[in-house]
Amino acid sequence: MGRYELQTGDGRRNNTPPVMRRDYNGGLIAFSRFLSSFATKSCSPESSIHSQFRLLCVACDSSLTTTHTFSPLLRQCIDERSISGLKKIQTQMLKSGFPVELSGSKLVDASLKCGEIGYARQVFDEMRERHIVTWNSLIAYFIKHRRSKEAVELYRLMITNNVLPDEYTLSSVFKAFSDLGLEKEARRSHGLAVILGLEVSNVFVGSALVDMYVKFGKTREAELVLDRVEEKDVVLITALIVGYSQKGEDTEAVKAFQSMLVEKVQPNEYTFASVLISCGNLKDIGNGKLIHGLMIKSGFESPLASQTSLLTMYLRCSLVDDSLRVFKCIEYPNQVTWTSLISGLVQNGREEMALTEFRNMMRDSVKPNSFTLSSALRGCSNLAMFEEGRQVHGIVSKYGFDRDKYAGSGLIDLYGKCGYSDMARLVFDTLSEVDVISFNTMIYSYAQNGFGHEALELFERMINLGMRPNDVTVLSVLLACNNAGLIEEGCAIFDSFRKDKIMLTNDHYACMVDMLGRAGRLEEAEMLINEVINPDLVLWRTLLSACKIHRKVEMAELITRKIFEIAPGDEGTLILMSNLYASTGKWNRVIEMKSEMKEMRLKKNPAMSWVEVDRETHTFMAGDLFLHPNSEKVLETLEELIRKAKDLGYVEDKSCVYQDMEETAKERSLHQHSEKLAIAFAVWRNVGGNIRILKNLRVCVDCHSWIKIVSRVINREIICRDSKRFHHFRDGSCSCGDYW
DNA sequence: CTAGGGTTAG
């Protein structure tokens with residue numbers, strides 16, 4: 001009998017299993033205990049089930065079993081995920097005279113714990129009468145595996161079978177209702193919970209209800225449920241805080257958190273994770289830091305999700321250094337943590353760092369998702385980093401996000417901002433699902449590249465698909481019309497949306513003012529501004545720049561007075577006026593403007609251009625010939641390009657010079673504009689393919705006509721992104737049609 | 001034997 005040798009609870013050696021000793025005092029209990037200890041002491045699970053089973057058969061034959069006797073063996077089967085074991089137990093149970101109605105609950109539970117729904121369902125279906133626990137177990141299983149539809153179906157079946165749900169049923173089934181959006185049915189079950197008194201008495205039911213109303217977006221009703229629950233706990237209150245936070249009712253979230261502290265309910269990692277997001281949204285760094293301290297004091301600073309929220313909070317509050325300090329303390333950042341860091345850095349204008357962190361993430365073999373990729377792509381497109389963006393595109397493909405709408409709109413934005421709206425369109429056409437934002441991004445890409453008709457066509461398609469355009473859509477379409485000189489189309493679209501006043505913001509009006517103003521319809525533009533309730537600085541400045549284009553000094557002076565009422569000594573206005581006076585030869589007034597600027601300690605933004613050559617970005621500043629180490633070669637190339645351009649008819653446009661100087665000096669000044677230097681550099685370095693340059697200001701008339709001719713001279717496309725839009729120079733003309 | 005809440009995006 002060596003194989004039955006075991007250590008009993010009191011330490012004595014015992015060579016005979018209790019059942020063999022026919023111990024009538026508690027023999028059953030002893031047998032169960034024996035099986036348990038056998039199960040835990042066994043080294044080889046395989047043999048353990050087998051031997052236990054043989055013992056069980058002995059017990060059954062001796063009629064020494066209750067359903068309880070099977071528990072240790074069931075536990076063993078669960079540990080080993082042994083469905084065949086469960087089936088043997090069922091057979092044995094039936095043989096011992098236990099009907100499935102009696103053993104079913106345990107079997108269903110064990111089977112579900114083994115992850116085997118099929119067998120559980122089979123046992124369930126065999127039962128003619130089912131204990132409430134059986135229903136609950138199955139429903140909970142479906143909820144846990146996000147099979148909400150099956151959960152609800154089972155719940156309905158339960159009701160039709162006249163089985164009343166209890167607190168367990170209700171606390172899980174509400175999640176399925178919110179998941180499926182079954183609000184009406186959910187409310188009926190809520191009513192049932194009220195009738196059964198479970199809404200107030202059971203905090204599990206209460207928090208499930210709060211969570212459900214929160215998911216339906218009904219925070220007010222969630223509040224009402226919470227108020228009725230008798231004994232409020234962390235989970236209940238946290239569910240409501242989460243609701244506020246996700247709905248953007250951030251002030252409410254912080255308030256609920258504070259009252260939770262007053263009620264002496266201890267917040268935990270979940271609570272911290274959500275309330276910190278609200279602090280971030282509110283840019284409430286005071287409460288944010290306070291909560292950070294509380295989190296450390298309560299010992300909940302280590303769970304990853306709460307650390308991620310902390311990181312996000314600091315990033316939203318633009319405290320990049322603090323956020324990096326938090327990040328450094330995180331031992332194993334996951335996908336979400338990295339994504340939060342990368343997107344936060346991009347939002348704070350730290351694109352280079354964001355991309356470095358993106359590479360670090362890849363190095364650590366943390367998989368990116370569509371959130372991560374769209375953030376990394378936005379980092380690239382903000383700086384028009386084409387090569388870097390191409391590499392990220394490679395990663396997008398590698399992880400199978402080519403057809404994803406989030407990563408996709410990042411790619412569309414990237415190609416759009418790098419001047420390749422055709423590549424952007426290729427991405428757009430492969431998306432598996434498009435929504436308003438995909439359309440907006442694509443329309444905006446066309447808009448900034450001056451492809452007005454394409455943008456309008458897409459807009460029309462969007463309407464035909466029954467998609468509701470939003471304010472960004474309208475702005476992109478208007479911008480497209482503006483950049484392509486499609487004034488009548490733009491006015492028509494604007495008028496059709498004007499009835500829908502909510503859609504139109506100051507930005508829309510600014511776009512229209514720019515459009516009309518540039519077309520010389522200054523009075524109409526001014527009438528539009530007067531229509532706006534609160535015309536802002538940008539609107540007036542837009543009209544002012546139209547005055548500058550058309551050299552309407554008188555009107556400009558009137559507008560300047562208006563602007564100075566809102567913003568005395570506004571920098572942009574002074575620069576515009578100075579340039580207007582310069583182009584109309586009023587040099588005295590130019591000096592006045594400049595001295596005023598000096599008084600205000602304002603400095604004009606230096607004009608700069610960037611060009612990417614061999615994956616390296618080179619910077620050029622207007623008039624600064626010695627910024628670059630190869631300035632001699634650059635100048636040599638530039639002179640040659642100017643000479644060749646002149647052969648083809650280029651003449652300097654001296655009205656672009658806003659300084660009073662000799663004519664030859666004006667010419668020299670024009671020759672040293674930053675975009676000319678950048679192009680000369682790219683030509684000297686013999687860039688393959690297109691030349692792409694980026695400017696911080698708008699391209700001037702002189703450079704524009706020069707670049708047109710140069711594109712023919714070197715027989716290459718030159719793409720220039722200025723502060724507003726793209727110009728594609730090809731074979732002597734520009735995509736903007738000389739209208740910008 | 002069965003139950004409730006969290007972090008990232010265009």
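Since the structure is predicted, the reported quantities are computational estimates derived from the model, not experimental observations. Convention: sequence-line order gives letters A, B, ...; per-chain numbering from 1.
Close to dT2(B), at under 4.0 Å from its OP1 or OP2, lies a side-chain N or O of K113(A). Regarding contacts with the backbone of dT8(B), every side-chain N or O of Q347(A) stays at 4.0 angstrom or more from both OP1 and OP2. The phosphate of dT7(B) (OP1 or OP2) has a side-chain N or O of Q246(A) nearer than 4.0 angstrom.
With sequence neighbours excluded, no residue forms a ring pair (Phe, Tyr, Trp, His ring centres under 6.0 Å) with Y270(A). Checked against side-chain contact (heavy atoms from CB on, under 4.5 Å), D227(A) has no partners two or more places apart in sequence or in another chain. Applying the ring pair (Phe, Tyr, Trp, His ring centres under 6.0 Å) test to Y420(A) and every residue at least two apart in sequence or in another chain returns F386(A). For S438(A), the side-chain contact (heavy atoms from CB on, under 4.5 Å) partners are K405(A), F428(A), L431(A), V434(A), D435(A), not counting sequence neighbours. For the side-chain contact (heavy atoms from CB on, under 4.5 Å) test, residues two or more places apart in sequence or in another chain that qualify with A447(A) are L479(A), A480(A). Legend: residues meeting ring pair (Phe, Tyr, Trp, His ring centres under 6.0 Å) with F459(A), ordered by chain and number and at least two apart, are absent. Not counting sequence neighbours, the partners of F177(A) by the ring pair (Phe, Tyr, Trp, His ring centres under 6.0 Å) test are Y155(A).
Taken residue by residue, residues 225-236 of chain A places heavy atoms nearer than 4.0 Å to DNA chain B at D233(A), V234(A), V235(A), L236(A). Less than 4.0 Å separates DNA chain B from at least one heavy atom of each of the following residues of residues 301-309 of chain A: A305(A), S306(A), T308(A), S309(A). Annotation: proximity of residues 430-448 of chain A to DNA chain B (heavy atom, distance under 4.0 Å) is found for D435(A), I437(A), S438(A), numbered in ascending order.
Nearest nucleotide to the side chain of S172(A), out of dT7(B), dA3(B), dA9(B): dA3(B). Nearest to the side chain of V242(A), among dG4(B), dG6(B), dA9(B), sits dG6(B). Set against dA9(B), dG4(B), dC1(B), the side chain of F204(A) has dG4(B) as its closest nucleotide.
Residue pairs meeting the salt bridge (Lys or Arg N to Asp or Glu O under 4.0 Å) criterion with at least one member in residues 126-149 of chain A, sequence neighbours excluded, are R146(A)-D179(A), R147(A)-E150(A).
With hydrogens and angles left out, the side chain of S171(A) and the base of dA3(B) share a donor-acceptor pair within 3.5 Å. For dG10(B), the base has no donor-acceptor partner in the side chain of S374(A) [N/O atoms by modelled type, under 3.5 angstrom].
Atom P of nucleotide dC1(B) and atom CG of D166(A) are separated by 15 Å, given to the nearest angstrom. The CD1 atom of I139(A) sits 12 Å away from the P atom of dG4(B) (whole-angstrom rounding). In this entry the distance linking CD of E269(A) with C1' of dG6(B) reads 8 Å, nearest Å. Rounded to a whole Å, the CH2 atom of W338(A) is 17 Å from the P atom of dA9(B). Here dG4(B) presents its C1' atom at 13 Å from CD of E167(A), a figure rounded to the nearest Å. Straight-line distance from the CE atom of M212(A) to the P atom of dA3(B): 19 Å, rounded to whole Å.
Side-chain contact check for D402(A) and S397(A): at least one donor-acceptor pair (N or O, by modelled atom type) lies under 3.5 Å.
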Quick one: side chains of residues 110-121 of chain A, donor-acceptor pairs under 3.5 Å with protein atoms, not counting sequence neighbours, listed by atom name and distance.
unit_1, atom_1, unit_2, atom_2, d
S111(A), OG, E116(A), O, 2.7
S111(A), OG, A120(A), N, 3.2
K113(A), NZ, D109(A), OD2, 3.1
Y119(A), OH, Q90(A), OE1, 2.7

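Here R220(A) pairs with E223(A) in a salt bridge; the nearest charged N to carboxylate O distance falls below 4.0 Å.
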